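So that the names make sense, note that chain A is the first sequence line, chain B the second, and so on, each numbered from 1. Small disclaimer: the values here were computed from a predicted structure and weren't measured.
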2 protein chains.
Amino acid sequence: MKPADILYNHNLKRTSCREGIIEVIMSADRALSENEIRKRLKVNYDRTTFYRSFKTLEEHKIIHRIVVDNQTVKYALDNSITNKKEHAHFYCNDCQEVQCLESAVIRKMQLPAGYTEEETEILIRGTCSLCKRN
Amino acid sequence: MKPADILYNHNLKRTSCREGIIEVIMSADRALSENEIRKRLKVNYDRTTFYRSFKTLEEHKIIHRIVVDNQTVKYALDNSITNKKEHAHFYCNDCQEVQCLESAVIRKMQLPAGYTEEETEILIRGTCSLCKRN
DNA sequence: ATTTCAAATGCAACTTTGTTGCAAATATAG
DNA sequence: CTATATTTGCAACAAAGTTGCATTTGAAAT
Ligand SMILES: [Mn+2]
Ligand SMILES: [Mn+2]
Ligand SMILES: [Zn+2]
Ligand SMILES: [Zn+2]
């Protein structure tokens, strides 16, 4: 599906910023940060616009956010677009890149009595296959 | 074990800031943020000192950090002090409190070929037993 | 094609979180 | 008590994110 169609399906206005962000995230093989996305866009948008766009796209489940640490947020396409299940994410301590591990499907954990789960986030830190070789 | 002994065992100077932080974290039944810890201390330390203390205590595996989101970090006693295993953490969407789920031991996930795990972080978001009741 | 207007953008000002360099204070070994 | 390596506080800074408001724009209606 094309960025423009995705926006249309969600009743979102087709602005170049939103379209650009979706375009860049769709064509990436890994999760990207705000700055990585900015670098790949032709036009330069204000930070505010960028943040508001991410917020809107997240709310409409077009993209999802991966919090690596309190200082680093990355974005990838959401499961509702990729038709994948909830999955773990991998952070390479070496190249610092984040990948969606679509094969690592998240299974719910046993919780203490009275607790209810709504969402489970898993972040695996380690070394990716590319960095392992070197 | 007392805060002073913990510091002594790690060859760390016994300063009131470090001792206070450990004291507060030890006596809490949940993970606390920088500000929550500050409020519970008698003396007011500079933010820099606070951050440096957290860093030192983390490096010596006396406390561990739980990143709730890119804006929120909480601290709890580390497993090396509590003698517990790597566990998942629970964030209550209602009361916004974080708890170590020491019964929810982390089991390693299957990774794609060539990937190596070093650490797995699990954060479960949902409603805690107290908030459920109300 | 032109008009209309709710929604999106850009800008300025601000907040929160965290970091760095350096001088002053202090914990602890001798 | 003294010496000194560590730790602390302060100032200055940086990065990330938010808010209010005036301007611009997408797209629906005419
Ligand atoms: Mn993902
Ligand atoms: Mn914990
Ligand atoms: Zn790597
Ligand atoms: Zn709760």
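- When heavy atoms are screened at a 4.0 angstrom cut-off, B/R14 is found touching the sugar-phosphate backbone but no base atom.
- Looking at which nucleotide of DNA chain D each of B/K13 and B/V43 is closest to, the 5′-most match is held by B/K13.
- No side-chain donor from either of B/D46 and B/T49 sits under 3.5 Å from a side-chain acceptor of the other.
- Residues of residues 48-55 of chain A that place a heavy atom closer than 4.0 Å to DNA chain C, in numerical order, are A/T48, A/T49, A/R52, A/S53.
- Per the geometry, OH belonging to A/Y45 stands 12 Å off C1' belonging to C/dA8, to the nearest Å.
- Nearest heavy-atom pair, B/I106 versus B/A88, reported as atom, atom and distance to 0.1 Å: CG1-N, 3.8 Å.
- Ranked by how close their nearest DNA chain D nucleotide is to the 5' end, B/R18 and B/Q71 are led by B/R18.
- At a threshold of 4.5 Å between non-hydrogen side-chain atoms, the residues B/R30 and B/V98 do not count as touching.
- In this structure, A/I21 atom CD1 and C/dA8 atom P are separated by 13 Å, rounded to whole Å.
- If you walk DNA chain D from 5' to 3' and mark each nucleotide with an atom closer than 4.0 Å to a heavy atom of chain B, the marks span D/dA5 to D/dG17.
- Closest of all the heavy-atom pairs between A/K74 and A/S33 is CD-N, 4.0 Å.
- Between B/E121 atom CD and A/D69 atom CG the span is 9.0 Å, to the nearest 0.5 Å.
- At a threshold of 4.0 Å, the pair B/K84-B/E102 counts as salt-bridged, since one of the basic side-chain nitrogens sits closer than that to a carboxylate oxygen.
- Listed here is the closest heavy atom pair of A/A113 and B/S129: O-CB, 3.7 Å.
- A/Y45 does not carry A/R38 over the face of its six-membered ring by the limits of under 6.0 Å from the centre and within 45° of the normal.
- Between the axis at the start and the axis at the end of the helix from C/dA1-D/dT30 to C/dG30-D/dC1 there is an angle of 30°, using five pairs per end and rounding to 10 degrees.
- Taking the six-membered ring for Trp and thresholds of 30 and 60 degrees, B/H87 and B/H64 have ring planes more than 60 degrees apart, a perpendicular arrangement.
- The existence of a salt bridge linking A/E118 and B/R125 is excluded, since no basic side-chain nitrogen approaches an acidic carboxylate oxygen closer than 4.0 Å.
- Atom CZ in B/R65 sits about 7 Å away from atom P in C/dG18, given to the nearest Å.
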